[in-house]
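Quick notes on the structure that follows.
Order of listing sets the numbers, starting from 1, for every ligand and every atom in it.
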Amino acid sequence: MNPTDIAIAPRPPVNDTMALEIAGALFGISGPIRELGSSQDRNFRIDTPSGARVLKIANRSWGRASLEAQNAAMLHVAGKDPGLHAPVPFAAPDGQLIREWPLGEDRLLVRLLSYVDGRPLTGIRYLAPEVISDLGHVAGRTCTALADFDHPGLERTVQWDLRQAEAVIARLNASVRSAERRRKVMKACEEASRRLQALKTALPLQAIHGDATDDNVVGPRDAAGRVRPDGVIDFGDLTRSWRVGELAITCSSILHHRPEAPFEILHAVRAFHQHAPLSETEVAAFWPLMVLRGGVLVVSGEHQARLDPDNPSVLEPIENEWRLFEVAASVPFALAEAALREALGFGPDAEHQRMRQTLAGCAPLFPEVSRYESLDLSANSPLLHAGVWQQPQAEARLLAKAAVRSGAAVTRYGECRFTRTTALSERAPDNIALGITLRVPTGSSAQMPLDAHVVRVDERQLVLSCAAGRLYLSGLAHDLSPGDVVKRGQIFGSSTEAALHVQLCLNDTLEPPRFGSVENSAAWAALCPDPSYLLGGRFAAEFPDGGALLARRKAAFAEVQVHYYRQPMQIERGWKQYLVDTAARSYLDMVNNVAAIGHGHPRLADAIQQQLLTLNTNSRFHYAVVAEFSERLAALAPTGLDTVLLVNSGSEAVDLALRMAQTVTGRMDIVAVREAYHGWTLLSDAVTTSVADNPNALGTRPAWIHLAAAPNSYRGRYRGAEAAAGYASEFRALIDDLATHGKAPAAFIAEPVFGNAGGVLLPNGYLAAAYAAVRAHGGLCIADEVQVGYGRLGHHWWAHELHGVTPDMITVAKAMGNGYPLGAVITTRAIAEAFAVQGSLFSSAGGSPASCVAGMTVLDVLRDENLQANAAIVGDYLLAEFRELQSRYPLIGAVHGMGLYQGIELVRDHHSLEPATAECFAISERLRELGIIIQPTGERNNVLKIKPPMCLSLEDAEYFVWQFERVLSEGW
Ligand code: PMP
C-alpha cells in the first residue's frame, strides 16, 4: 500500500449527541460529554460516575488489526511501566475491546479508553529545560516499555512512519502552496535522505509510539505552574519503525517552542538516552530524521488542509510545523551530530581522532617566528577594564600592541571573548573562538604545515584540504590557485600588514563560523580542533569548570553563606550595570544595590589605589580625609544630625546605633518591626525578624526585643487607606504597654521603606506616629537607611524624608562604599557625646584613609554622574511600566517602592494573596536565560526585587520590562 493513500479520509461525521448514543449503546456509559481535538479520529471525553473515559471513534482508514495492536500495546505499556501514565482500553459489557457502529455504508470502530489526567504542552510557548527533559523521559520510557512488544497489527504502512518519509514527501510535496517552500522541503529532505541511506540497515527496529510529541504527552502542573509531562496518550500512530525515530519525533515537536535555541532538545535527548541508550548509528541518523519528520509534517499538513479545510486541528498547527521544519533544516547535519555525540559523551569518532592526531606532525606555519605572546581577551582580562571591552576594534588594537611589544602575538583558541559580548542580549553571544588570530612581522614566510591542496581562494581566505581537514587561512599574501598542491614545509606565501586568521575544520561540508556560542560551542569545538598547533605552540583557553569550582566553594566556604541560583553561573567581571560570567556573557544586574555607582568604576578603583599607595592607617591618626568625609556625610543628613561614627558594614552600623541608644538612655529594651533584616552581629541580628532569612527568628529573639507588626498595607492586618491609622494605634498601644511594665524602649529601629519586604512603602503617617510614640516615652528613633537611603529612591536622598520625620540616628552602609566595606552612624552631637561614657570607640578600618577616600569618591560620582536624578527618571519609568503590566497580568499582585528600589509582588490569587513563590523563582531562572539577574525577596520569596546599580539606563529598564513581559506571556 502506498503510505499516502491512507490517513486521508475525513474524520467520522459524529457529533456529541451521536457519540453519547454510541457510548450508551455499545459500552453502557453516559455522562457529560466534550469533544477532544484530533486530526483523524473523533475523540470524546465522557465523565461517567466511575471516572472520565475517552470514547474513540476511529477514522475509517484504520483497519481493525491496527486498533487491536494499539489496545494490546497500551496494555503492554501499563504492565511494563505502571508509573508511566498512559491510557488503557475498557471492555464493553460483551467483553469486546472494539465495538462496531453502523453509519451509512460504513461500520465505525469504537473503543473506550481511560482518560489520562494532565495537560499537554500544546499552546505553551516556552518550554523550560526541565520540561524538555520530561518529554525525553516520557518518550524514552514509552519506547523502552514497547521494546519487546509485538503484534500482527504492527505490520501496516503509516504515513508518519519515518521509514516512509521520503515517499510521503515526494508524493505530497506538490500540495505545498508556495513554490519556494516546496523547493526548500525537497532540498533539505534530499540531503537528509542521502545521509540516512548508509545508516538505515543498522538502525534498530521495534514497536514505537510514533507520536510522543508536545501534543500527546501530558502531565500535571508543578508548583511554579509549569506542565510537567509524566504520561503519554494517543497510540494512533503505533507502528514498527526505527527506534531513534521515536526520539526524533519527540524532539522535532520541541523545535517550534524554542526556535532560537534548537539544541535545547539535547535535554530530551539525554533523558531518552538514560532509558534507551542510543548507538552511534542512531546518533548519526537523528538529525536527518528530524528534518524528514519536519518535511512529512509540512507536506501532510498542507495536503490534509486541502482535503479537510474546515478542521481546525489540521489548520492551526501548520505554521508551527513550518517553523519546526525551518529550524530543523537550518542546523547543519554534521554540527547536530557533533552536538549529540558531545551531549551523550561519545567523544570524537575514529576518523576525527585520526585527523586530530596528524596535527602533531605538522610543520610550523611561520618558521621564523619562535615566540608568540598570547593575548587574554577573557572576562578576567586586565586589558579589558574600564569599558575597553565595548570599544570598537578593541581586539585588533590589543593584538597589534602585543605584537609590537613581543614581536608576535596570538589570540587563544576556545576563549570566551569578552570583547564579543553585547550588553542586553537575550541569548548568549557568538563569542567562543573556534580559530586563532595572530600578528607576526610583516613579510614573515609562511610554510605549509601538512601536505595540502588548494580548495578555494577568495578575497577573504585561502581554503586548503589536508589530512587534518580543511584549513582556513586569511591575511596572507600568496599566489596559489584552486587545485594547486603544496607539500609540507613548502614556503607558499608571507604575512601581510593585516592580522591573520587560522582555523581548522574536520568536516568538509561545513563552512565553520569563526565563533560559536555557549549553546553550540562544544559541537563546533569537536569539529574545529585547536589550530594553534600549526604555530608550534598551544594557545588555547580552558573552558572554566564552574561545577568543580562550586564543589570547592562548598568544601571550603561555609554553606550557610548561601549563593544565588541552584546552578550559579560563575561571575568574574562587573561593568556598570552589567555582570559577566566566565563564558563572557553579560547580564543586566537588577539586584546589586551595593554597587550603587556601578561595577568596576575606574574612578573609585583609581582613588582607592592612589590612597593605598599613599597612606592607609586608622583613625587614631590625624589625617585630612576622615574629617572631610565626616563633614560631607553630616552635610547630607538632616539638621541636627551633625556627628558621624565610621565602621565597616551595615551590621556594624546598626549594632553601634543600638548600643549607643541603650547606653544613652540607660535602657535595654528595643522595638523592631516584623519581617525585617538589619544585620548579622549579635545586636543587629537581635532586631532581625525575617523568617525568610531565619525560619526560627520569631521564636528566638531576646526577651528585651519587642516586635511591632510589619506595616504592610498590601497584605498586612490593616490595608489600604486605613492602614496607617491601624498600625499606628497598634504601635502606640505596644509602646504604652511596654512603658507601663517598666520597659520603655531605648530605641525603635525600622527601615523607612521596607526594603527587606521588597520595597514596600510604609503607610503615610505611620512612621511619624511611631516616632512620636517612642519619643513620648524617652526612646530614640533609628532609621536604617542601609538599603534604601543614599539617593536610590530618586526623589529623596534619605527614605525617611518620605515621611517628614527626623530620626535620632541614621545607619548607612552598602552604597556608601560601592562594595568597599564602609558603614556609618550619623547622629546628634549630644547622643555621640553621651555614648562616650562607655570609653572610646575604635574600628581598625572604619574611617581609614582608604575607606574615607572610597566614600568620598562614591559621593563625587553620585553627584557628577547625576545618579540620584537618574534613579528618579528610570524609577518613574519602571513604576509606570510595572503598573501597566499589573493591569494586564493577574500574577502581579502589587508593585512596591520607588526610584531604583522596587518590588513586583507575585500572587496566585488577588483575594487570598497566596504568594506565587515557586513562580517567582522560576521567572528569575527564565530571566537569567534572557540575560537578566533578578532574585525573589520578601518574607514569602514572592517579590521580584528591583534594586540595580543607580546607573541603570532607560534602555536597560526598557529591556527589562520587555523581557519580563515576554516571560509573563510566554510562560516560564
Ligand atoms: N540593614 C539593612 C536594612 C540591610 O538590608 C542590611 C544588609 N542587607 C544590613 C543592615 C546589614 O548590612 P551589611 O550586610 O553591610 O552588614
Side-chain angles (χ1 to χ4, degrees), residues 558 560-564 591-596 645-661 670-694 697 705 708 710-712 747-762 767 781-793 798-800 802 807 809-826 843 845-847 851 854-855 858 896-897 899-903 935-939 941 943 945-949:
V560 69
Q561 302 166 95
V562 296
H563 57 74
Y564 287 143
V591 301
N592 265 276
N593 56 334
V594 177
L645 299 95
L646 292 174
V647 289
N648 307 292
S649 69
S651 300
E652 286 180 51
V654 168
D655 201 289
L656 179 59
L658 292 172
R659 208 180 113 201
M660 289 171 76
I670 289 165
V671 174
V673 292
R674 287 171 189 264
E675 304 187 14
Y677 182 86
H678 293 289
W680 63 266
T681 62
L682 211 50
L683 265 183
S684 60
D685 176 65
V687 288
T688 289
T689 52
S690 161
V691 294
D693 293 301
N694 171 6
I705 297 291
N712 183 327
F748 163 55
I749 183 165
E751 288 187 274
V753 163
F754 218 167
N756 191 64
V760 175
L761 299 181
L762 305 183
L767 205 61
C781 298
I782 304 170
D784 186 346
E785 299 267 4
V786 166
Q787 288 232 75
V788 291
Y790 239 64
R792 172 161 292 278
L793 299 184
W798 299 115
H800 67 256
L802 263 174
M809 292 187 234
I810 295 172
T811 55
V812 27
K814 294 200 192 251
M816 197 183 158
N818 207 59
Y820 199 87
L822 253 61
V825 176
I826 312 176
S843 166
S851 300
V858 169
H896 304 298
L900 289 179
Y901 206 113
Q902 296 188 25
Q935 285 291 309
T937 192
E939 211 60 351
N941 275 311
V943 184
K945 58 178 160 192
I946 313 279
K947 42 176 195 154

Please list, in number order, the atoms of ligand 1 under 4.0 Å from a heavy atom of Gln787.
3 (C), 4 (C), 5 (O)

For Glu652 and ligand 1, does the shortest N/O to N/O distance drop below 3.5 Å?
no

Within the 3.5 Å criterion, strictly below it, is a donor on Asn648 or Ser843 matched to an acceptor on the partner's side chain?
yes

Please report which non-hydrogen protein atom sits nearest to atom 1 (N) of ligand 1, along with the residue it belongs to and the distance in Å to one decimal place.
Asp784 OD2, 2.7 Å

Any heavy-atom pair between the side chains of Lys945 and Pro936 that's under 4.5 Å?
no

Geometry only, no angles: is Gly650 polar-contacting ligand 1 at N/O separations under 3.5 Å?
yes

Identify which one of Val753, Leu802, Leu762 satisfies the side-chain contact (heavy atoms from CB on, under 4.5 Å) criterion when paired with Leu767.
Leu762

So among Lys814, Met816, Glu652, which one has a side-chain contact (heavy atoms from CB on, under 4.5 Å) with Leu822?
Met816

Output the list of atoms in ligand 1 that are nearer than 4.0 Å to some heavy atom of Ser649, sorted by atom number.
15 (O), 16 (O)

Shortest non-hydrogen separation from Gln787 to Asn593 and the atoms involved
OE1-ND2, 2.7 Å

Test your reading of the model: is there a side-chain donor-acceptor pair from Arg792 to the backbone of Leu900, 3.5 Å cut-off?
yes

Of the backbone atoms (N, CA, C, O) and the side-chain heavy atoms from C-beta on, which set of Lys814 has a member under 4.0 Å from an atom of ligand 1: side chain, backbone, both, or neither?
side chain

Which atoms from ligand 1 have a heavy atom of His678 less than 4.0 Å away?
1 (N), 9 (C), 10 (C), 11 (C)

Contacting atoms of ligand 1, where contact means under 4.0 angstrom from a heavy atom of Glu751
3 (C)

Using side-chain heavy atoms (C-beta onward) and a distance below 4.5 Å, is Leu658 in contact with Val687?
yes

So which heavy atom in the protein is nearest atom 16 (O) of ligand 1, and how far is it from that ligand atom?
Ser651 OG, 2.5 Å

